[in-house]
Amino acid sequence: MTVQRRTFIAAAAFALAGAAFPAMAAKPLVMGFSQVGAESEWRTANTVSVKDAARKAGINLKFADAQQRQENQVKAIRSFIAQKVDVIAFSPVVESGWDTVLREAKAANIPVILTDRDVNVADKSLYVTLIGSDFVEEGRRAGRWLNEYAKKQPGKTFNVVELQGTVGSAPAIDRKTGFEEVTKGNAQLKMLRTQTAEFTRAKGKEVMEAFLKAHGKNINVLYAHNDDMAIGAIQAIEEAGLKPGKDIVIVSVDGVRGAFEAMIQGKLNVTVECNPLLGPLLMQTAKDVKAGKQVPKRLVVEERVFPAEVALKEFPNRKY
């Protein structure tokens, strides 16, 4: 073999190695994501957003549905750790009980991103950031709307019932806290009953039936921690021979298409938006974290309040 030929082969091999190196460097980021479940329209939209954003961002997503059970999420997170994923993200079923498994992720040098819901841990360094809504503010917005509604009818007392979300979950705790914060000083509002309906339509109907059986026409207002429970309650109200949105004013949270349809039909009075389209921000944040960039400890999405009067105009713009 001539010197020139050996030089050519070596150069070609070097070029091929150089071409291969960027391909290795461009190895896709692997994210393990544990979702709460599929308990509502909101959650379904959130899942679609995460999966679509991962695909568009070129991120290898390992998705696990916890079916609303914390033990399933802990198991999934430990599986992600064993698989040595690059980033773990999850929307916690409840706030407490995460210290041990998050310490395991930290020991494995796998950063954790919270989406939608917060956790209650002593060491805040166990997660990098929380992406999602300000649930307390959502509760405040629902309460402020009701305060303004009551103010238009001075001297009238409004008996309120409340459908809470999953016991121990961040949105249930915070939406109740925010609502109470702005309504507690209003003498026109009296809380009759408050009970969990687990964020589901079926439970919303079941618990509202119990409220109606106990209090009947004395109920003036329903505050539901999400639209699915409100929609279930609407069915119970109608079956009781009452008119939802008129006989019982309904204030809800999420802003899903089903709520807008109910408002257009005059059956729901207002919905406070909770934006589920967190996927793109999650993927960009994961890339930033993996690249060693500093990210804020809290990333809050923008949201609005939609009273029934704007429902018809806004409905075509809804993406979930």
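Since we're looking at a predicted model, the values are computed, not measured. If you read the sequence from its start, that first residue is 1, and numbering goes on from there.
- Side-chain atoms of I113 and V87, non-hydrogen and from C-beta on, do get closer than 4.5 Å to each other.
- Cation-pi geometry between R257 and Y320 is not met: the NZ or CZ atom fails to fall both under 6.0 Å from the ring centre and inside 45° of the normal.
- For the atom pair CG of L114 and OG of S91, the computed distance is 8.5 Å after rounding to the nearest 0.5 Å.
- Summarising the geometry of T115 relative to A89, their closest heavy-atom pair is CG2-CB, 4.5 Å, with the distance given to 0.1 Å.
- The minimum heavy-atom distance between A57 and M283, with the atom names listed, is CB-CB, 4.0 Å.
- Crowding of E302 atom CD: a count of heavy atoms from other residues, nucleotides or ligands under 6.0 Å not exceeding 12.
- Annotation: the span from L130 atom CG to K124 atom NZ amounts to 9.0 Å, rounded to 0.5 Å.
- With 3.5 Å as the limit, one finds a donor-acceptor pair spanning the side chains of E239 and Q235.
- We find the CD1-OG distance between I231 and S252 to be 7.5 Å, quoted to the nearest 0.5 Å.
- Rounding to the nearest 0.5 angstrom, the gap separating the CG atom in L146 from the CZ atom in F158 is 7.5 Å.
- With hydrophobic clusters built from ILVMFWY side chains whose heavy atoms lie under 4.5 angstrom apart, V207 shares a cluster with I250.
- Using a 4.5 Å heavy-atom cutoff, the side chains of K243 and E238 are not in contact.
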Verify salt bridge (Lys or Arg N to Asp or Glu O under 4.0 Å) between E181 and R144, making sure each step is shown before the conclusion.
-> CA-CA 10 Å; E181 179 186 309; R144 288 185 195 117; 5.9 Å; no
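- Using a 4.5 Å heavy-atom cutoff, the side chains of M208 and I248 are in contact.
- The main-chain N or O of V310 is never found under 3.5 Å from a side-chain atom of E314 such that the two would form a donor-acceptor pair.
- A cation-pi arrangement is absent between K62 and F33 under the rule of less than 6.0 angstrom and at most 45 degrees off the ring axis.
- S34 and Q73 share a donor-acceptor pair across their side chains, judged by distance under 3.5 Å alone.
- With no hydrogens or angles considered, a side-chain donor-acceptor pair links T47 and Q35 at under 3.5 Å.
- Between the N275 side chain and the V301 main chain, no donor and acceptor come within less than 3.5 Å of each other.
- There is a path of hydrophobic side-chain contacts, each under 4.5 Å, that joins L268 to I237.
- Side-chain contact between L222 and V249: absent, with no pair of heavy atoms (C-beta onward) separated by less than 4.5 Å.
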Check the pair L212 / L242 against side-chain contact (heavy atoms from CB on, under 4.5 Å), numbers first and verdict last.
-> CA-CA 10 Å; L212 289 164; L242 298 170; 3.9 Å; yes
CA sep, side-chain torsions, deciding dist, call: K152, E148, salt bridge (Lys or Arg N to Asp or Glu O under 4.0 Å) = CA-CA 7 Å; K152 294 172 185 176; E148 288 301 313; over 6 Å; no
Could you walk me through whether V93 and R69 pass the side-chain contact (heavy atoms from CB on, under 4.5 Å) check?
-> CA-CA 7 Å; V93 175; R69 295 170 66 90; 6.0 Å; no
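- Formation of a donor-acceptor pair under 3.5 Å by the S79 side chain with backbone atoms of K75 is not found in this model.
- Contact record, S125 with K106: OG-NZ, 2.6 Å, taken as the closest heavy-atom pair.
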Could you give me the CA-CA distance, side-chain angles and deciding distance for T157 and Q188, then say whether side-chain hydrogen bond (donor to acceptor under 3.5 Å, both in side chains) is met?
-> CA-CA 4 Å; T157 299; Q188 286 185 266; over 6 Å; no
Apply side-chain hydrogen bond (donor to acceptor under 3.5 Å, both in side chains) to S169 and E95, showing your working.
-> CA-CA 6 Å; S169 69; E95 284 194 343; over 6 Å; no
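- Note that the CG atom of L163 and the CG atom of D228 stand 11.5 Å from one another [nearest 0.5 Å].
- For the residue pair E162/H225, the side-chain donor-acceptor check at 3.5 Å is satisfied.
- Hydrophobic clustering (ILVMFWY, side-chain heavy atoms < 4.5 Å, transitive): V101 and V121 are in one cluster.
- Between V30 and I59, the closest side-chain pair of non-hydrogen atoms is not below 4.5 Å.
- Side chains of N218 and N159: a donor-acceptor N/O pair is absent below 3.5 angstrom, by distance only.
- The backbone N or O of P296 lies less than 3.5 Å from a partner atom in the side chain of T129, making a donor-acceptor pair.
- Under 3.5 Å, the side chains of T100 and E104 contain no donor-acceptor pair of N or O atoms.
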Passes side-chain contact (heavy atoms from CB on, under 4.5 Å), V112 versus V128? Steps please.
-> CA-CA 6 Å; V112 174; V128 178; 5.8 Å; no
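- In this structure, the separation between CE on M31 and CG on L29 is 6.5 Å, given to the nearest 0.5 Å.
- Both the sub-6.0 Å distance and the 45° axial angle are not jointly satisfied by R117 relative to the ring of F90.
- Side-chain contact check for E198 versus E39: every heavy-atom pair is 4.5 Å or farther apart.
- Smallest separation of non-hydrogen atoms from A64 and A76: CB-CB, 3.8 Å.
- Hydrophobic clustering keeps L281 apart from L277 (ILVMFWY residues linked when any side-chain heavy atoms are closer than 4.5 Å, directly or through intermediates).
- Judged by distance alone, with hydrogens and angles left aside, the side-chain atoms of E273 form a donor-acceptor pair with the main-chain N or O of R304 at under 3.5 Å.
- Using modelled atom types and a 3.5 Å distance limit, the side chains of Q294 and D288 yield no donor-acceptor pair.
- V289 and I110 sit in two unconnected hydrophobic clusters of ILVMFWY residues. Membership requires side-chain heavy atoms under 4.5 Å apart, directly or through other members.
- Side-chain contact between F306 and R318 is present, with heavy atoms from C-beta onward closer than 4.5 Å.
- In this structure, F199 and S40 have side chains that are not in contact, with every pair of non-hydrogen atoms separated by 4.5 Å or more.
- In this structure, K297 forms a cation-pi arrangement with Y127, its terminal cationic atom sitting closer than 6.0 Å to the ring centre and no more than 45° off the ring axis.
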side-chain contact (heavy atoms from CB on, under 4.5 Å) between V160 and N220: does it pass, once the steps are laid out?
-> CA-CA 6 Å; V160 183; N220 307 117; over 6 Å; no
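- No donor-acceptor distance shorter than 3.5 angstrom exists from the side chain of S49 to the backbone of A45, with no hydrogens or angles considered.
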For R175 and E138, what are the C-alpha separation, side-chain angles and deciding distance, and is it a salt bridge (Lys or Arg N to Asp or Glu O under 4.0 Å)?
-> CA-CA 6 Å; R175 287 172 185 166; E138 289 170 356; 2.9 Å; yes
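- Using cut-offs of 30° and 60° for the angle between ring planes, the F315 and F260 rings count as tilted.
- Scanning all heavy atoms of the two residues, the minimum distance from K267 to I234 falls at O-CD1, 3.5 Å.
- What you find for V182 and N147 is that their closest heavy atoms are O-ND2, 2.7 Å.
- Between the side chain of W42 and the backbone N or O of C274, at least one donor-acceptor pair lies under 3.5 Å.
- Not one N or O on the side chain of D118 forms a donor-acceptor pair closer than 3.5 Å with the backbone of A170.
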